[in-house]
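Heads up, the thing below is written out as structure tokens.
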Protein chains: 2
Amino acid sequence: MLTHAAEDYLKSIYKLQEEGGKVSTGILAAYLNVKPASATGMIKKLKTMNLVSHERYRGVTLTDAGKAIALEIIRHHRLLELYLVKALGVPWDGVHDEAEKLEHVISEDMEARMDEFLGYPTADPHGAPIPDKNGVVAQTEHIPMTALQNGQSCLVAEVNDADPALLRHLGSLNLYPGTAFRVKEVAPFDGPFTIDIAGKQVVIGREAAKHIFVDNVQDTETE
Amino acid sequence: MLTHAAEDYLKSIYKLQEEGGKVSTGILAAYLNVKPASATGMIKKLKTMNLVSHERYRGVTLTDAGKAIALEIIRHHRLLELYLVKALGVPWDGVHDEAEKLEHVISEDMEARMDEFLGYPTADPHGAPIPDKNGVVAQTEHIPMTALQNGQSCLVAEVNDADPALLRHLGSLNLYPGTAFRVKEVAPFDGPFTIDIAGKQVVIGREAAKHIFVDNVQDTETE
DNA sequence: AAATTAATTTAGGCATACCTAAATTATACA
DNA sequence: TGTATAATTTAGGTATGCCTAAATTAATTT
């Protein structure tokens, strides 16, 4: 069995690979709040286990075996987040940290039981896809909110789960995945967004908007 | 924060203190499947943290602070066991190992939410008392089944949770805490027990009986 | 009381996973 | 192309928690 740290490295490499592309030692170290030298050491170890490919100075890539483990951990994490919200009523800004600890520890049996309890869900409370038990991730098209134009309407698809304070803020505005809103005004020079949501008018700062992703974007009349 | 290993030591010292009395380095090491030298090392560390008292060659005792932590971990473990049975339908012979891993990892918030979900229970699925959130353990009088005489009836109070195979066996006989039975015959020379349980007649081997504890013992007519 | 046996502790080592500091390699620019 | 800068790796050190083997202390037996 792998150590928790090794699992965290694999998970992080997967995520960085998804969004960025090339995963350098430095990027990985920064992402994990660890010094580059420490990342070098772990990469070496993972390489001997055939979980990553690595060429000096050229970055890491997951092997199929490494990717399978990364997806398994991500599946645990996201199932746990949803389970904590649905079964125990934990607020959505609290589930990330709890799941971060539990994901390394639960058995396959518990994973299966939570999956069944939740009705085989495909997204966690923040809208991130839950890989199925074979590691298949439903492909989704999420557009950054910052790309929206005046007058466009859409559905919240996903929000970044890392910052609890941001999540509390978004929760207070009801910006949960699945919620519809319409862009009323985008202030110039990278200013804030004014949106219509559930009949109310709300201002979303640029920084917050960067952490929100949407889909079902449609052009509507600007009044 | 304490390491998982340190928590396991405190928990084990507490349990050995409960049943036995004096906890020697060797007993503790054997209980934890560790060499005596390793136990010596951890005891030293726990002593510097004022969690145990220790005199060379005279055994360990928990300080109040150490006892509080031990009870906290035991509370986690037993709440988790009951939660896994009630909320996720895990069979009672599977919950011990799962709880053993989770007990070190759950937050106080999760502990409180499980406690509420379960209705502030006082015993785990094996009948062991769950300390309350202040570390108070309800005192119970559990008599070993091996002390029962012909014709006595009683309620199952607690069974040893360590051996899954035994638990499966007891489960198949419906010997869960709370279940009533009556001793029909005790075979001489430390032989097996024949009991009446839910209308059926069942034979319980001596070894199994050692792991069963009862209460509400009453003398009934021997037919 | 001395000698044997058992329990405990000390000493020294290993693996994990982190760190800092120094050395190396690659890249960018003048 | 040579040199400065940035990224990466190597080298050596820390702490945890385990191990074995040797030394010490206590308890038991005769």
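All values reported here derive from a predicted model rather than from experimental measurement.
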Strictly under 3.5 Å: I want the nitrogen or oxygen pairs between protein and nucleotides 1-5 of chain C, one per line.
none

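- In this view, B:Leu32 and B:Asp8, B:Tyr9, B:Ser12, B:Leu28, B:Val34 satisfy the side chain to side chain contact (heavy atoms under 4.5 Å, CB included) rule, not counting sequence neighbours.
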Every protein N/O lying under 3.5 Å from an N/O of nucleotides 19-22 of chain D:
{"from": "D:dC19", "atom 1": "OP2", "to": "B:Lys35", "atom 2": "N", "distance (Å)": "3.1"}
{"from": "D:dC19", "atom 1": "OP2", "to": "B:Ser38", "atom 2": "OG", "distance (Å)": "2.6"}

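- Here A:Thr25 lies in heavy-atom contact (under 4.0 Å) with sugar-phosphate atoms only.
- In this structure, B:Leu32 atom CG and D:dG17 atom C1' are separated by 12 Å, rounded to whole Å.
- Considering only residues two or more places apart in sequence or on other chains, A:Glu72 meets the side chain to side chain contact (heavy atoms under 4.5 Å, CB included) condition with A:His76, A:Glu108, A:Glu111.
- At the phosphate of D:dT10, OP1 or OP2 sits under 4.0 Å from a side-chain N or O atom of A:Lys44.
- OP1 or OP2 of C:dC18 has at least one side-chain nitrogen or oxygen of A:Tyr9 nearer than 4.0 Å.
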Side chain to side chain contact (heavy atoms under 4.5 Å, CB included) between A:Leu102 and B:Ile106, intermediate numbers included: CA-CA 8 Å; A:Leu102 292 167; B:Ile106 61 169; 4.2 Å; yes
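- The side chain to side chain contact (heavy atoms under 4.5 Å, CB included) search around B:Ala65 returns B:Leu51, B:Thr63, not counting sequence neighbours.
- For A:Met42, whose side chain is taken as the heavy atoms from C-beta onward, the closest listed nucleotide among D:dT9, C:dA17, D:dG17 is C:dA17.
- Here the P atom of nucleotide D:dT16 and the NE2 atom of B:His4 are 15 Å apart, to the nearest Å.
- Partners of B:Glu81 according to the salt bridge (Lys or Arg N to Asp or Glu O under 4.0 Å) rule, which considers only residues two or more places apart in sequence or in another chain, do not exist here.
- Across all strands, B:Thr3 comes closer than 4.0 Å only to sugar-phosphate atoms, never to a base (heavy-atom distances).
- Checked against side chain to side chain contact (heavy atoms under 4.5 Å, CB included), A:Asn216 has the following partners two or more places apart in sequence or in another chain: A:Leu155.
- Sequence neighbours left out, not one pair with a member in residues 10-62 of chain A passes ring-ring contact (aromatic ring centres under 6.0 Å, His included).
- Closest to the side chain of B:Thr40, from the set D:dC18, C:dC18, C:dT9, is C:dT9.
- Between B:Lys22 atom NZ and D:dA26 atom C1' there is a gap of 10 Å when expressed in whole angstrom units.
- At least one side-chain nitrogen or oxygen of B:Ser24 sits closer than 4.0 Å to the OP1 or OP2 atom of C:dT8.
- When the shell of 6.0 Å around CG of A:Asn134 is examined, it contains more than 12 heavy atoms from other residues, nucleotides or ligands.
- Listed by chain and number, the residues in a side chain to side chain donor-acceptor pair (under 3.5 Å) with A:Ser53 amount to none (sequence neighbours excluded).
- As a whole-Å value, the separation of B:Leu46 CG from C:dT9 P is 13 Å.
- Listed by chain and number, the residues in a side chain to side chain donor-acceptor pair (under 3.5 Å) with A:Glu207 are A:Lys210 (sequence neighbours excluded).
- For the OP1/OP2 pair of C:dA15 and a distance below 4.0 Å, the side-chain nitrogens and oxygens of A:Lys45 include no atom meeting the criterion.
- Only B:His54, B:Arg56, B:Tyr57, listed by number, bring a heavy atom of residues 47-62 of chain B to less than 4.0 angstrom from any atom of DNA chain C.
- When the C1' atom of D:dT8 is taken as reference, atom CD1 of A:Ile27 falls 13 Å away, rounded to whole Å.
- The ring-ring contact (aromatic ring centres under 6.0 Å, His included) pairs that include a residue from residues 82-109 of chain B are B:His4-B:His104, B:His77-B:His96, B:Tyr83-B:Phe117, B:Trp92-B:His126, B:Trp92-B:Tyr176, where partners are two or more places apart or lie in different chains.
- Considering every non-hydrogen atom in both B:Lys45 and B:Thr48, the closest pair reads O-OG1, 2.6 Å.
- Between the P atom of C:dT16 and the CG atom of A:Leu2 lies a distance of 12 Å, rounded to the nearest Å.
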